[in-house]
2 protein chains.
Amino acid sequence: MDQSGASPHTSQTERVILTLREMLLRGDFAAGERLAELTLVRRLTASRTPVRLALDRLAREGVLEALPSGGFRVRAFAIADIRDAIEIRGVLEGTAARFAAERLSEPDELLRMRLCCRDSEQLLPMTLENFVRYVEINDAFHAELWRLAKSAMLTRAIEGLITLPFAAPGALVFVNPETDEPTQLAILALEHHRGIVDAIANREGTRAEALAREHARIARRNLNSVLTDRELFNRIPGASLVRLPVPIGAL
Amino acid sequence: MDQSGASPHTSQTERVILTLREMLLRGDFAAGERLAELTLVRRLTASRTPVRLALDRLAREGVLEALPSGGFRVRAFAIADIRDAIEIRGVLEGTAARFAAERLSEPDELLRMRLCCRDSEQLLPMTLENFVRYVEINDAFHAELWRLAKSAMLTRAIEGLITLPFAAPGALVFVNPETDEPTQLAILALEHHRGIVDAIANREGTRAEALAREHARIARRNLNSVLTDRELFNRIPGASLVRLPVPIGAL
DNA sequence: GCGGGGCGCATTGTATACAATCCAGGCGTC
DNA sequence: GACGCCTGGATTGTATACAATGCGCCCCGC
């Protein structure tokens, strides 16, 4: 019936999950705050059943944690958690790159990745309005890498990790747009992307893995950069879930 | 009240999850079979609410999959999925070993791992009655490795993977006990364990990572071994969820 | 005989009532 | 004055009733 494509299944549960996740990432609740079901029932205009399911689901995603005596609270992350999540993504994407190299059956499979490289090259030097498009292309490149690994298990592991908002490939592209940092980073990222494609094409698994790992370090560096400016920091998805040991800028 | 320790929280949901998981791994349902809520309600003597929660949870664990039109069915795995899961565990445990090496603060932290090595050495040559104890020690070693990585994110990723029954460290120790295979494997595993501890102690991150990866290959080899004998194969946790392309033994 | 449409059943999604549990505050006693 | 018990409220866990939706079967028409 509703095949319009906009909302494939407008179930209450789905709606509550999406809304609640958004609220959490936007910072509507404080880190560590306990969430009472009835409160959410009122705010989300749904019954307890879908709210309950949504809470359970978000707990598995990692943004909530279940309390031993029942109920849930907003999870609090440390900066170190973000760093680790990024590094682990690097490890998993490294494995994806290696798998892709080992399992490549014909060169044409790399077509889409090459297209991503060419398209992102066209966006240089990086401007503010190019940024949205750049993030799209970047996401597409990574998705394609995961696909070429040809491993449902690996895809699952990666997806399980990037449910954490700040762990996704495009989560930390927000660098200071008033400097030439964006252009520099895009040049580096493009070089990595090209190297990964080249390594896969030549079936150089180890090189592909090393490059993909190093590639994730860009996000890590961006994190450091972003930590110097509260304005920038707050643009990270899920920034409100991060407990800062010291105020930003005091580093 | 119920602080006896046997069952910390005898909630219906918990009970249903445990029972249903066990039923699935034991093979009470065929791979690909659709599970109707009401059937489970009758078989598990619980209401639909906890059954529903349990289904949702097992779907996230990976042994069930949600159908687009609602409901769930038993997931079917291929041998390649098991291989991949083991390899990914190797990658993640490799990262754990590297983290442990990089983050070691004092030598004493390795005490428990060393004890595991010594204890498993005592069990050589491997006999049938030693096997249970060996699996325990092996599990303890791996749990300790995860702990020493000091990364909640990494622990989460590993735990998310080994919810798949056949991906756990101790899942494929079942080799033919009538040969000297068990002893040989235990000797190899012990050597790996010692090497990992040594590498961590010396803060040799790369070596620790490589060894932990190679260590997981033992499980992979066991898988090949187990694939020659249906009797053995069926002892793998979740064996009934695996779709075999050809009958076992015909390789 | 075959295809399409409609009706009925089975199954899932949602809401709500009820039960159990936990927590906090206050009162009584030692 | 402090400790402990008890009671009341709030909150979560469970059961079940009701609504909606999809699915298959059967009948009718061509």
Check your understanding: Relative to the ring of H142(A), is the ring of H215(A) parallel (under 30°), tilted (30 to 60°) or perpendicular (over 60°)?
Key -> parallel
Practice item. Write down the distance between CG (L67(B)) and C1' (dC23(D)), rounded to a whole number of angstrom. Key: 13 Å
Exercise for review: Report the nucleotide, chosen from dT12(D), dC23(D), dG13(D), that has the shortest atom-to-atom distance to any side-chain atom of R52(A).
Suggested key: dG13(D)
Practice item. Keeping the roles fixed (side chain from R156(B), backbone from G160(A)), state whether a donor-acceptor pair exists under 3.5 Å. Key: yes
Check your understanding: Taking CG from L53(A) and P from dA15(C), how many angstroms apart are they, rounded to a whole number?
Key -> 12 Å
Study note, to complete from the structure: In whole angstroms, the gap separating P of dG13(C) from CD1 of I17(A) amounts to 12 Å
Check your understanding: Within the pair T13(B) and dG13(D), is there a side-chain N or O less than 4.0 Å away from OP1 or OP2?
Key -> no
**Study point:** Nearest-angstrom distance from the residue atom CG of L64(A) to P of dT12(D)
**Key:** 13 Å
Revision key, fill the gap. Between T49(B) and R34(B), the residue closer to the 5' end of DNA chain C by nearest nucleotide is R34(B)
Practice item. Looking at every strand, decide which applies to L35(A) at a 4.0 Å heavy-atom threshold: base, sugar-phosphate, or nothing. Key: sugar-phosphate
Exercise for review: Let me know the distance between CD of E14(B) and P of dA20(C), rounded to the nearest Å.
Suggested key: 20 Å
Exercise for review: Decide, yes or no, whether a salt bridge links D56(B) with R60(A) under the criterion of side-chain N to carboxylate O below 4.0 Å.
Suggested key: no
Point to revise | Rounded distance in Å - CG (L38(A)) to P (dA17(C)) | key: 12 Å
Check your understanding: With under 30° as parallel and over 60° as perpendicular, where do the rings of F141(A) and H193(A) fit, or are they tilted in between?
Key -> parallel
Practice item. Could you tell me the separation between the CZ atom of R48(A) and the P atom of dA19(C), rounded to a whole number of Å? Key: 14 Å
**Study point:** Distance, rounded to the nearest Å, where D56(B) contributes CG and dT14(C) contributes P
**Key:** 12 Å
Review point. Does S47(A) put a side-chain nitrogen or oxygen below 4.0 Å from OP1 or OP2 of dT14(C)?
Key: no
**Study point:** A46(A) side-chain proximity, nearest of dT14(D), dA15(C), dG22(D)
**Key:** dA15(C)
Review point. Is T95(A) close to R98(A) at the side-chain level, that is, under 4.5 Å between some pair of heavy atoms?
Key: yes
Check your understanding: With respect to the phosphate group of dA20(C), does any side-chain polar atom (N or O) of Q12(B) fall under 4.0 Å of OP1 or OP2?
Key -> no
